[in-house]
Amino acid sequence: MASKLFNGLILFLPLLSLVTGHENVELNQYPLVVSTWPFIEAVRAAWRAVDGGSSAVDSVVEGCSTCEELRCDGTVGPGGSPDENGETTMDALVMDGVTMEVGAVAAMRYVKDGIKAARLVMQHTEHTLLVGEKASEFAISMGLPGPTNLSSSESIEKWTKWKNSSCQPNFRKNVLPENNCGPYRPNNYLDLSDETCPDTYQNKISRLPQVGLHSHDTISMAVIDRTGRIAVGTSTNGATFKVPGRVGDGPIAGSSAYAVDEVGACCATGDGDVMMRFLPCYQVVESMRLGMEPKLAAKDAIARITKKFPDFVGAVVALNKTGEHAGACHGWTFKYSVRSPAMKDVEVFTVLP
């Protein structure tokens, strides 16, 4: 009898070893950090946090906050992307893929810590999104520093040059300015049927050129922590010379970022005014839920946008729960950053349109 038990144990041990080994393979894929663009220091900061045992949410906040402090490419954090009035405002979001809780702020004035303010909305309110000066008041009441002037010498210089160029180009359309820089009125505000207004004047307002790396961008980051929990976060100061009050896709869950614990996550960047109409990150995650691999899910989400807007510029990164990641883009060459246990440092991946 003892011999039979012993032989059975011998047969059982290899099976136990295989199961345990399989679990180790999965656990060795985590933690994992993925971010739009070569924002290497931000990814390193998130990696240090999550590798040290921090949660996915806390690590995302750490990474995006670092990008805000470094003013990544002038498009994240204070001191960049002035609006038509020369003011810099903040948009940010954080999402917990386990609880599906979201905290976000939009067009927030006077507070430089966008991602931390977003987390405070998630932690201390039943709301998802706070906007404008009231978002600033809330953030300050919760302990963040402010009010703070979010402009910088660089942003003011950029804005001054734009003003001296008759505020051209800009994001207005179908309007006429009373002066070079407004105020603006719809071009049918007066009866123009007699063509008393010269065509050259009617056509003076032109849209800004295509979104570029240094004119409008976002850090969008996903983190899977050691326990397999997933979170995403974003931060941006929006489009340069935007119409005051404009909110892009940065603080919109499902557009700039989205995460579902049992599926994966998505990060996006680009022309937020177009992207937010399609919720590309929600689309990516739902496609992966249905079994589509990250590369195809990312390409499908971009294709849905370009079918309607062929001049669109943007990109998405898809990440599933097994650690597989891939990007897709249109209108530019896109790069994204990754740090995993198999890497000695952050690696940057290039995606061609």
*Ignoring hydrogens and angles, tell me if any N or O in the side chain of Asn179 forms a donor-acceptor pair with the backbone of Cys181 under 3.5 Å.*
no
*Indicate the atoms forming the closest heavy-atom contact of Glu84 with Phe241, along with that distance.*
CG-O, 3.6 Å
_With rounding to the nearest 0.5 angstrom, report the CH2 to OG distance, Trp47 to Ser337._
14.0 Å
*From Thr218 OG1 over to Met275 CE, what is the distance, rounded to the nearest 0.5 angstrom?*
8.5 Å
*Is Arg339 salt-bridged to Asp51, cutoff N-O under 4.0 Å?*
no
*Could I get the full list of side chain to side chain contact (heavy atoms under 4.5 Å, CB included) partners for Val247, not counting sequence neighbours?*
Asp91, Ala106, Ala107, Pro251
*Partners of Phe138 by ring-ring contact (aromatic ring centres under 6.0 Å, His included), sequence neighbours excluded?*
none
_To the closest 0.5 Å, what do you measure between NZ (Lys321) and CE (Met288)?_
11.0 Å
_Can a side-chain donor-acceptor contact be found between Lys242 and Thr89 if the only test is distance below 3.5 angstrom?_
yes
*What closest approach, in Å, do Val121 and Thr128 show between heavy atoms, and which atom pair accounts for it?*
CG1-O, 3.8 Å
*Within the side chain of Ser155, is there an N or O that forms a donor-acceptor pair under 3.5 Å with the backbone of Ser151?*
no
Residues 256-267 side chain polar contacts: donor-acceptor under 3.5 Å, at least two apart:
{"unit_1": "Ser256", "atom_1": "OG", "unit_2": "Asp249", "atom_2": "O", "d": "3.1"}
{"unit_1": "Ser256", "atom_1": "OG", "unit_2": "Gly250", "atom_2": "O", "d": "2.7"}

*Please confirm whether the backbone N or O of Leu150 pairs with a side-chain atom of Thr148, one donor and one acceptor, at under 3.5 Å?*
no
*Going by heavy atoms in the side chains, are Tyr184 and Cys167 under 4.5 Å from each other?*
yes
*When hydrophobic residues are tied together by side-chain contacts of less than 4.5 Å, even through go-betweens, does Val98 share a cluster with Val223?*
no
*asked:* Taking the side chain as everything from C-beta on, heavy atoms only, tell me whether Val348 gets closer than 4.5 Å to Tyr336.
replied: no
*Partner of Met221 by side-chain contact (heavy atoms from CB on, under 4.5 Å), out of Ile115, Thr234, Val43*: Val43
*Distance in Å, Leu120 CG paired with Met122 CE, rounded so as to fall on 0.5 Å steps*: 9.5 Å
*Shared ILVMFWY cluster between Val131 and Val111, side chains joined below 4.5 angstrom?*
no
Table please: side-chain donor-acceptor pairs of residues 52-60 below 3.5 Å, with sequence neighbours left out.
{"unit_1": "Ser54", "atom_1": "OG", "unit_2": "Ala49", "atom_2": "O", "d": "3.2"}
{"unit_1": "Ser55", "atom_1": "OG", "unit_2": "Asp58", "atom_2": "N", "d": "3.1"}
{"unit_1": "Ser55", "atom_1": "OG", "unit_2": "Asp58", "atom_2": "OD2", "d": "3.4"}
{"unit_1": "Asp58", "atom_1": "OD1", "unit_2": "Arg119", "atom_2": "NH1", "d": "3.0"}
{"unit_1": "Ser59", "atom_1": "OG", "unit_2": "Val50", "atom_2": "N", "d": "3.2"}
{"unit_1": "Ser59", "atom_1": "OG", "unit_2": "Ser55", "atom_2": "O", "d": "2.8"}

*Does Lys134 have any side chain to side chain contact (heavy atoms under 4.5 Å, CB included) partners at least two apart in sequence or in another chain, and if so, which?*
Glu137
*Is a side-chain N or O of Trp332 found less than 3.5 angstrom from the main chain of Val313, in a donor-acceptor match?*
no
*Within the distance-only criterion (no hydrogens, no angle test), does the side chain of Glu62 pair as donor or acceptor with the backbone N or O of Ala45 below 3.5 angstrom?*
no
_ring-ring contact (aromatic ring centres under 6.0 Å, His included) partners of Phe334, counting only residues at least two apart_ = Trp37
*asked:* I'd like to know if the side chain of Ser136 and the backbone of Arg109 have a donor-acceptor N/O pair within less than 3.5 Å.
replied: yes
*In terms of heavy-atom contacts, does OH of Tyr282 have more than 12 from other residues, nucleotides or ligands at under 6.0 Å?*
no
*Between the side chains of Glu41 and Thr66, does any donor sit under 3.5 Å from an acceptor?*
no
*Could you tell me which residues satisfy side-chain hydrogen bond (donor to acceptor under 3.5 Å, both in side chains) with Asp345, sequence neighbours excluded, listed by chain and number?*
Arg44
_Check this for me, if you would: do Lys116 and Glu68 make a salt bridge, where the nitrogen-to-carboxylate-oxygen distance has to be below 4.0 angstrom?_
no
*Name all residues meeting the side chain to side chain contact (heavy atoms under 4.5 Å, CB included) criterion together with Ala135; count only those two or more places apart in sequence or in a different chain, and write none if there are none.*
Val105, Met108, Leu130
_Nearest heavy atoms of Pro280 and Ser255, plus distance in Å_ = CG-O, 3.7 Å
_Taking His127's backbone N and O only, do any of them form a donor-acceptor pair with Thr125's side chain (distance below 3.5 Å, no angle check)?_
yes
_On a heavy-atom basis, which atom in Gly238 and which in Ser81 lie closest, and how many Å separate them?_
O-OG, 3.3 Å
_Residues in side-chain hydrogen bond (donor to acceptor under 3.5 Å, both in side chains) contact with Asp300, at least two apart in sequence or another chain_ = Arg304
_Please determine whether residues Val274 and Leu93 belong to a single hydrophobic cluster, defined as Ile, Leu, Val, Met, Phe, Trp and Tyr linked transitively by side-chain heavy-atom distances below 4.5 Å._
yes
*How would you list, by chain and number, every residue that makes a side-chain hydrogen bond (donor to acceptor under 3.5 Å, both in side chains) with Arg229, sequence neighbours excluded?*
Asp225, Thr227
*asked:* I need the Phe312 CZ to Ile305 CD1 distance, nearest 0.5 Å.
replied: 4.0 Å
*asked:* So which atom in Ala239 and which in Arg246 form the shortest heavy-atom distance, rounded to 0.1 Å?
replied: N-NH1, 3.5 Å
*Between Asp83 and Glu87, is there a donor-acceptor pair closer than 3.5 Å when you use the side chain of the first and the backbone of the second?*
yes
*Is Met343 reachable from Val33 through a run of hydrophobic residues whose side-chain heavy atoms are each under 4.5 Å from the next?*
yes
*Decide whether Leu129 and Met90 are clustered together by the hydrophobic rule: side chain heavy atoms of Ile, Leu, Val, Met, Phe, Trp, Tyr closer than 4.5 Å, transitively.*
no
*asked:* With side chain to side chain contact (heavy atoms under 4.5 Å, CB included) as the criterion, how do Leu296 and Glu293 come out once you've worked through the C-alpha distance, each side chain's angles and the decisive distance to 0.1 Å?
replied: CA-CA 6 Å; Leu296 293 179; Glu293 64 181 43; 3.9 Å; yes
*Heavy-atom side-chain proximity of Val94 to Val61 below 4.5 angstrom*: yes
*Partners meeting side-chain hydrogen bond (donor to acceptor under 3.5 Å, both in side chains) with Glu324 (sequence neighbours left out)*: Asn320
*Do Thr269 and Ser220 have side-chain heavy atoms sitting under 4.5 Å apart?*
no
*asked:* Within the 4.5 Å heavy-atom criterion, are Trp162 and Asn170 side-chain neighbours or not?
replied: yes
*Listed by chain and number, what are the ring-ring contact (aromatic ring centres under 6.0 Å, His included) partners of His330, not counting sequence neighbours?*
none
*asked:* Does either side chain, that of Glu154 or that of Ser152, offer a donor lying less than 3.5 Å from an acceptor on the other one?
replied: yes
_Donor-acceptor check, side chain of Arg71 to backbone of Cys67, threshold 3.5 angstrom: yes or no?_
no
*Which heavy atom in Arg226 sits nearest to a heavy atom in Tyr30, and how many Å separate them?*
CA-CB, 4.4 Å
_Rounded distance (nearest 0.5 Å) linking atom CZ of Phe309 with atom CZ of Phe278_ = 5.0 Å
*Check step by step if side chain to side chain contact (heavy atoms under 4.5 Å, CB included) holds for Val351 and Lys335.*
CA-CA 6 Å; Val351 182; Lys335 295 183 178 182; over 6 Å; no
